[in-house]
Amino acid sequence: MSVAENIAREAGQDFIRDIVRADLASGQHKTVVTRFPPEPNGYLHIGHAKSICLNFGIAEEFDGHCNLRYDDTNPTKEDQEYIDAIERDVRWLGFDWGSHLYHASDYFEQLYAWAEELIRAGEAYIDDQSQEQMRATRGTLTEPGTNSPFRERSVEENLDLFRRMRAGEFPNGARVLRAKIDMTSGNINLRDPVLYRILHAEHPRTGKAWCIYPSYDFAHGQSDAIERITHSLCTLEFEDHRPLYNWLLDNLPVPSHPHQYEFARLNLTHTILSKRVLTELVRGGHVSGWDDPRMPTLAGLRRRGVPPAAIREFVKRIGVAKANSVVDAAMLDFAIREHLNKIAQRRMAVLRPLKVVIENYPEGKSEDLEAVNHPDDAAAGTRHIRFGREFYVERDDFMENPPKKFFRLSPGAEVRLRYAYFITCREVVKNGAGEVVELRCVYDPATKGGNAPDGRKVKATLHWVSARDSLPAEVRLYNPLFTRPDPDPGNFAAQVDPNALEVLADARVEPALAELKPGEAVQFERQGYFCLDPDSAAKRLVFNRTVGLRDTWAKVSVAKVAAGS
RNA sequence: UGGGGCGUAGCCAAGUGGUAAGGCAGCGGAUUUUGAUUCCGCCAUUCGGAGGUUCGAAUCCUCCCGCCCCAGCCA
């Protein structure tokens with residue numbers, strides 16, 4: 001097997017790659033050219049990641065190239081902010097369009113010329129009907145439409161009107177250019193679709209040069225043809241547009257005839273992948289912004305600490321097919337953990353501190369202990385952590401009246417402090433309200449490092465931080481934006497989980513964390529993977545939880561509560 | 001009810017006439033100074049349903065059922 005074949009096989013099998021492979025094998029195409037064509041009207045989300053990985057991935061695997069093309073045909077919805085964000089996010093995901101950056105707006109002049117040709121050929125006409133009239137004469141899903149009274153205008157009149165539309169003589173909505181196809185077609189896209197509309201709006205790139213703009217259908221296929229795209233990949237809802245896509249390419253003197261193929265868009269449980277909804281989430285203040293770590297946007301995932309490689313791996317695992325589906329968010333979590341487990345160094349941090357005093361540890365004494373940075377990677381080295389008489393453990397690691405199978409601290413129980421000593425809880429100190437505020441314990445000096453010379457075992461190892469040397473920090477925990485796995489896009493606001501963000505303001509972390517670099521992933525042992533949030537400052541560390549560790553105990557304890565034990 | 005698609009395990013998904021890959025989740029068990037990781041094992045006699053063709057059908061044919069998309073001068 002050749003290297004290229006190996007790579008292609010590695011890349012996985014899906015019906016689109018099968019088509020590409022077949023086209024290359026048959027000589028139908030010598031090279032493959034794809035494109036990722038976002039409209040700059042919002043931020044990219046993980047659904048786009050599927051498309052990006054598909055388009056750029058295929059180009060890479062088959063030694064072709066992929067264009068980044070902005071489908072910027074509707075200036076009323078587009079913005080430079082989105083253009084910048086899209087480039088940043090595609091790059092971050094790990095893809096490079098090289099010099100192949102294009103815009104549908106680059107082709108406005110050519111598109112206009114083709115529209116005139118269509119008019120000259122008698123294949124398009126100017127319709128003066130109002131939007132309401134057009135809707136009324138378009139027919140319904142089951143009834144055919146009827147021809148516009150303006151359908152038989154002369155070529156001369158159509159040309160004159162179209163030029164005057166361009167010249168700005170008419171207000172928005174006064175007239176449109178329509179293709180003359182078939183008002184009785186079962187496919188509504190073929191019932192004389194609108195090709196150009198009047199929009200007196202400033203375009204982020206062409207400014208005020210135009211007041212008429214091509215529709216998606218008139219721009220997309222021709223842009224593909226201009227760029228000599230070989231495989232134009234889009235989502236299922238465009239299947240009905242393919243006949244129109246082909247009609248236009250067949251009726252215009254385009255330089256190439258690309259083919260459109262459709263695949264199912266990504267859906268994920270516990271979130272909504274719709275630009276409309278995400279935009280409303282931001283504008284309605286339900287989240288802090290497009291990069292809120294609860295958002296499924298690439299910017300949000302990045303801020304949460306999700307590595308781009310994990311997203312690419314996730315996309316690879318979910319495959320590409322035509323069946324509508326909803327992928328379990330647990331699959332994304334798995335891909336994130338899998339990657340982070342390999343690269344993240346381990347540190348100790350106590351999210352909800354509970355003070356512990358070792359009564360038989362000399363007052364004022366302290367010692368340095370060695371801790372490994374990564375259990376499976378000796379090259380990651382070690383660091384020193386300071387142990388003393390007083391430190392903090394996780395509140396959840398202590399229970400005064402533990403249920404069966406609770407291995408952690410409780411009165412009389414002995415546990416290991418990671419890298420330090422075995423300790424036994426002797427006394428529980430409570431405040432006036434009856435809340436546990438401190439634990440008085442004793443340690444076994446012979447267990448230094450965490451092993452007992454007499455071979456006795458302990459069932460739990462706890463993480464901890466020194467009371468004197470640890471640093472205060474804020475830790476932000478993120479849960480799914482929606483509690484229910486299948487939130488309703490029509491009623492999303494009411495379904496946003498108010499507890500999706502949980503802020504722990506009094507966490508304590510080991511001093512080494514002060515050196516963590518922005519964007520660097522770290523594992524807080526026994527808790528999960530974290531990263532520094534941009535809100536973090538030298539005096540005030542702020543961490544985001546990217547994803548928690550698998551937690552078998554949490555499942556067991558929840559089951560116990562449910563069972564009433 | 002017109003047109004276009006899609007139904008393989010709880011979820012994603014291979015499979016294209018030769019006797020149901022893989023992953024996630026789940027469940028057991030081993031190892032473990034993270035209840036993590038790792039490792040091992042289990043998890044569809046059946047492919048939306050019913051007929052038919054065939055030595056042989058998830059794959060071919062017929063009918064039926066279910067789900068998704070389309071009636072923007074959005075993309």
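The sequence lines fix the lettering, A, B, ..., with proteins before strands; numbering per chain opens at 1.
- Residue-level contact check: A:Y216 touches the bases, meaning some heavy atom is under 4.0 Å from a base atom.
- Each of B:rA75, B:rG35, B:rC24 was ranked by its minimum atom distance to the side chain of A:E237; first place goes to B:rA75.
- Side-chain N/O atoms of A:D240 and base N/O atoms of B:rG3 include a donor-acceptor pair closer than 3.5 Å.
- Not a single donor-acceptor pair under 3.5 Å links the side chain of A:K316 to the backbone N or O of A:C53.
- Across every strand in view, B:rU38 sits in a pair with B:rA30 that passes the Watson-Crick or G-U test at under 3.5 angstrom.
- At B:rG72, one or more side-chain N or O atoms of A:R138 fall inside 4.0 Å of OP1 or OP2 (strictly under the cut-off).
- Remark: side-chain polar atoms of A:H374 are paired, donor with acceptor, to backbone N or O of A:N341 under 3.5 angstrom.
- Taking atom C1' in both B:rG26 and B:rG17, one finds a spacing of 35 Å when rounded to whole Å.
- Backbone-only contact: A:R550 has heavy atoms under 4.0 Å from sugar-phosphate atoms and none from a base.
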Atom pairs under 3.5 Å, N or O on each side, protein against nucleotides 46-49 of chain B: can you list them with distances?
none

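- Comparing B:rC74, B:rG35, B:rG7 against the side chain of A:A323 picks out B:rG7 as the nearest.
- Within 4.0 Å of A:P37, counting heavy atoms only, lies no atom of the nucleic acid at all.
- For B:rU34, neither phosphate oxygen OP1 nor OP2 lies less than 4.0 angstrom from any side-chain nitrogen or oxygen of A:R346.
- In a base pair of the Watson-Crick type (N1 to N3 plus N6-O4 or O6-N4) or a G-U wobble (N1-O2 and O6-N3), with each distance short of 3.5 Å, B:rU16 is matched with no nucleotide.
- Expressed to the nearest 0.5 Å, how far OG1 of A:T461 lies from NZ of A:K459 amounts to 12.5 Å.
- Across all strands shown, A:R418 has heavy atoms under 4.0 Å from base atoms, whether or not it also approaches the sugar-phosphate.
- Ring geometry, A:Y82 versus A:W290: the interplanar angle exceeds 60°, so the pair is classed perpendicular (tilted spans 30 to 60°).
- Closest to the side chain of A:F406, from the set B:rC74, B:rG35, B:rU34, is B:rG35.
- Phosphate contact (OP1/OP2 of B:rC74, side-chain N/O of A:R197, threshold under 4.0 Å): present.
- In this structure, A:E239 reaches the sugar-phosphate backbone alone: every heavy-atom distance under 4.0 Å involves primed, P, OP1 or OP2 atoms, never a base.
- With both pairing distances under 3.5 Å, B:rC24 is matched to B:rG10 as a Watson-Crick or G-U wobble pair.
- Residue A:Q129 is in base contact, counting any heavy-atom pair closer than 4.0 Å across all strands shown.
- Distance from the side chain of A:K77 is smallest to B:rC74 among B:rU37, B:rC24, B:rC74.
- At least one side-chain nitrogen or oxygen of A:R526 sits closer than 4.0 Å to the OP1 or OP2 atom of B:rG35.
- Relative ring orientation between A:W210 and A:F108 is described as perpendicular, the plane-to-plane angle rising above 60° on a 0-90° scale split at 30° and 60°.
- A:R191 places a side-chain N or O within 3.5 Å of a backbone atom of A:R138 that can act as its donor or acceptor partner.
- Residue A:S185 is out of contact with every strand shown, counting any heavy-atom pair closer than 4.0 Å.
- Distances shorter than 4.0 Å separate some side-chain N or O of A:T552 from OP1 or OP2 on B:rA36.
- The shortest distance between the side-chain N/O atoms of A:T76 and the OP1/OP2 oxygens of B:rC74 is not below 4.0 Å.
- Both distances falling under 3.5 Å, in either a Watson-Crick or a G-U wobble arrangement, place B:rG2 opposite B:rC70.
- A:R166 forms a cation-pi arrangement with A:Y112, by the criterion of a distance under 6.0 Å to the ring centre and an angle within 45° of the ring axis.
- A heavy-atom distance below 4.5 Å is not found between the side chains of A:F398 and A:V356.
- The phosphate of B:rC11 has neither OP1 nor OP2 within less than 4.0 Å of any side-chain N or O from A:S325.
- Side-chain contact annotation: A:R35 with A:H220, donor-acceptor N/O pair under 3.5 Å present.
- Using Watson-Crick or G-U wobble geometry with both donor-acceptor distances under 3.5 Å, B:rU62 finds its partner in B:rA50.
- B:rG72: glycosidic angle within 90° of 0, hence syn.
- You'll find that the side chain of A:I188 is closest to B:rA71, out of B:rU34, B:rA71, B:rG35.
- Within the 4.0 angstrom heavy-atom criterion, no nucleotide atom of any strand lies near A:S274.
- Put simply, CG on A:D71 is 14 Å from P on B:rC74, counting in whole angstrom units.
- Taking atom C1' on both nucleotides, B:rU8 is separated from B:rC73 by 43 Å, rounded to a whole Å.
- One interatomic measurement links the two molecules: OH of A:Y82 to P of B:rA75, which rounds to 16 Å at whole-angstrom precision.
- At B:rC68, none of the side-chain N or O atoms of A:K322 fall inside 4.0 Å of OP1 or OP2 (strictly under the cut-off).
- At the phosphate of B:rU37, neither OP1 nor OP2 sits under 4.0 Å from any side-chain N or O atom of A:R337.
- Every residue meeting the side chain to side chain contact (heavy atoms under 4.5 Å, CB included) condition with A:S470, not counting sequence neighbours, appears here in chain and number order: A:Y392, A:V465, A:R508.
- Looking at the side chain of A:N324, the nearest of the listed nucleotides B:rC74, B:rU34, B:rC68 is B:rC68.
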